[in-house]
Each structure stands twice: as C-alpha cells, then as structure tokens.
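Down below is the structure, laid out as structure tokens.
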Amino acid sequence: MYPEGTRNRDGHILPFKKGAFNLAVGAQVPLVPATVSCYRNFYCKKENKFTDGKVIVRVLPEVSTEGKEYADVLELTEQIRSSMVKSYEEVSAELGSKLS
C-alpha cells in the first residue's frame, strides 16, 4: 500500500493517510516501509507513462505494531513518514550522484 493515497507528482512525499496504519495495528502485523528514489526524469505526466530509467529501492527495517492500539496510529504514522522522507532524500541524492 502507498500511504500517500495518490501518486506523487512533484518529487516530494505527500502527507500519509492512516488507513494502512489502522489495518496494521488492527491486525497486529508489522509495517515494512520502502522508498523508491525520484523517478520524474523518466515519467511523463501528460501520458501517465514511464520510459527507461533507473531507481534505487530501499527497504527499511520493519516496524512492529505489537501491543499498539488505534490511539497510537498518529504517532506511528509520523514516525514512519519521517524515516521514509529521510530515506527518499538519501536514495534520490545517491541516484543523482550516480547519474552525473
């Protein structure tokens, strides 16, 4: 699931919706965040189509929801979003330096 709820079109991570986090907490299953570097250099917005390009995918450590309750979802969402924003910026910068 993509917690942003829609495709990012400007190169930044959008605010997260809480649905995926509510589901994970309700089921008491871990969340496994993953980030993909920026792809706007080979994504055509007008045609909603990708061309050839490279990305870096980084899978972050799983985050346990064991013992968490629905009251914890907001904090959990913010914690994971913060780690994903940092990772996204790192992998996008890494990819940019490899393409230069």
Side-chain angles (χ1 to χ4, degrees):
M1 286 187 200
Y2 294 95
E4 292 173 287
T6 187
R7 187 177 304 263
N8 175 351
R9 302 216 186 259
D10 72 353
H12 296 92
I13 293 181
L14 300 172
F16 283 3
K17 309 280 189 215
K18 293 173 191 62
F21 301 93
N22 282 317
L23 287 171
V25 167
Q28 293 290 285
V29 295
L31 292 155
V32 182
T35 54
V36 178
S37 61
C38 184
Y39 53 75
R40 68 181 151 176
N41 290 339
F42 58 92
Y43 176 70
C44 177
K45 293 179 196 178
K46 184 178 179 182
E47 295 179 25
N48 198 28
K49 183 170 97 175
F50 287 94
T51 57
D52 290 343
K54 294 182 188 259
V55 295
I56 296 173
V57 177
R58 179 182 290 168
V59 179
L60 304 174
E62 75 176 32
V63 178
S64 175
T65 62
E66 190 174 330
K68 302 261 188 220
E69 299 178 359
Y70 291 114
D72 301 314
V73 167
L74 181 58
E75 180 182 346
L76 184 64
T77 302
E78 291 172 355
Q79 170 198 345
I80 291 177
R81 185 179 184 282
S82 176
S83 68
M84 289 180 70
V85 166
K86 181 179 180 210
S87 174
Y88 172 78
E89 290 169 352
E90 291 171 355
V91 294
S92 294
E94 181 181 338
L95 181 64
S97 68
K98 288 182 178 183
L99 297 177
S100 300

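It should be emphasised that the depicted structure is a prediction, and the values quoted were computed from it without experimental measurement.
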Quick one: side chain to side chain donor-acceptor pair (under 3.5 Å) pairs with a partner in residues 71-80, sequence neighbours left out?
none
Hydrophobic clustering (ILVMFWY, side-chain heavy atoms < 4.5 Å, transitive) - are V59 and I56 grouped together?
no
Can you tell me how far apart CG (L76) and CZ (F16) are? Round to the nearest 0.5 Å.
11.0 Å
Spatial distance of atom CD1 (I13) from atom OH (Y88) [nearest 0.5 Å]:
7.0 Å
Going by the side chain to side chain donor-acceptor pair (under 3.5 Å) test, which pairs reach into residues 59-69, not counting sequence neighbours?
none
Using 30° and 60° as the class limits, which term best fits the ring planes of F42 and F50: parallel, tilted or perpendicular?
tilted
Pairs touching residues 79-92 that satisfy salt bridge (charged side-chain N to carboxylate O under 4.0 Å, His left out), sequence neighbours left out
R58-E90, K86-E90
For P61 and P33, work out which heavy atoms get closest and say how close.
O-CD, 3.5 Å
Among I80, V63, L74, side chain to side chain contact (heavy atoms under 4.5 Å, CB included) partner for F21
I80
From L95 CG over to S37 OG, what is the distance, rounded to the nearest 0.5 angstrom?
4.5 Å
Any donor-acceptor pair under 3.5 Å from S92 side chain to C38 backbone:
yes
At what distance, to the nearest 0.5 angstrom, does CG of L60 lie from OG of S87?
4.5 Å
When hydrophobic residues are tied together by side-chain contacts of less than 4.5 Å, even through go-betweens, does M84 share a cluster with V32?
no
